Amino acid sequence: MEPWYAAAGSATDAARSLFVHPNTVRYRLRRVEELTARSLSDPRAAADIRVALLAVRRASASFSDVIR
């Protein structure tokens, strides 16, 4: 998801940065939509997913600091 957000929602640009075919990125994005029951073409849903990903990343980073 990060490369897709960094590419401003462009599957082609995200695929280029990941060294995969654009259809691979599109498939993975469809899977995210299926699993979350949210449409990434809806800006609010895309923002919600982005915030959730950032929260999970921050929480896991904080948790790993506690373990050390």
Side-chain angles (χ1 to χ4, degrees):
M1 294 291 304
E2 294 296 329
W4 182 73
Y5 285 112
S10 169
T12 302
D13 292 344
R16 192 174 299 119
S17 72
L18 292 167
F19 303 102
V20 298
H21 195 277
N23 287 344
T24 301
V25 174
R26 290 182 191 103
Y27 168 76
R28 292 177 185 176
L29 293 171
R30 277 194 312 274
R31 287 292 295 147
V32 169
E33 289 179 328
E34 290 171 7
L35 293 170
T36 62
R38 306 286 303 269
S39 172
L40 292 172
S41 62
D42 173 13
R44 184 169 289 159
D48 289 346
I49 292 170
R50 173 75 168 142
V51 169
L53 290 171
L54 291 172
V56 167
R57 178 169 286 151
R58 176 167 281 185
S60 65
S62 297
F63 183 70
S64 65
D65 290 342
V66 171
I67 293 175
R68 292 181 195 172

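A quick note: this is a predicted structure, and the numbers were derived from the prediction, not measured.
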- Inter- and intrachain pairs under salt bridge (Lys or Arg N to Asp or Glu O under 4.0 Å), touching residues 16-27, at least two apart: D13-R16
Using modelled atom types only, decide if a donor and an acceptor are shared between the side chain of [X] and the backbone of [Y] within a distance under 3.5 Å.
| X | Y | answer |
| --- | --- | --- |
| T36 | V32 | yes |
| W4 | A14 | no |
| Y27 | P22 | no |

- Can you tell me how far CZ of R38 sits from CG of D48, rounded to the nearest 0.5 angstrom? 4.5 Å
Counterpart residues, side-chain hydrogen bond (donor to acceptor under 3.5 Å, both in side chains), relative to [X] (two or more places apart):
| X | value |
| --- | --- |
| R44 | none |
| S39 | S41 |
| R30 | none |
| D42 | none |

- Any residue meeting side chain to side chain contact (heavy atoms under 4.5 Å, CB included) with L54, in chain and number order, not counting sequence neighbours: R50
- Message: Give me the atom names and distance for the closest heavy-atom approach of L40 to A46.
- Response: O-CB, 3.8 Å
- Is there side-chain contact between Y5 and I49, with at least one heavy-atom pair below 4.5 Å? yes
- Query: Any salt bridge between E2 and R57, counting N to O under 4.0 Å?
  - Reply: yes
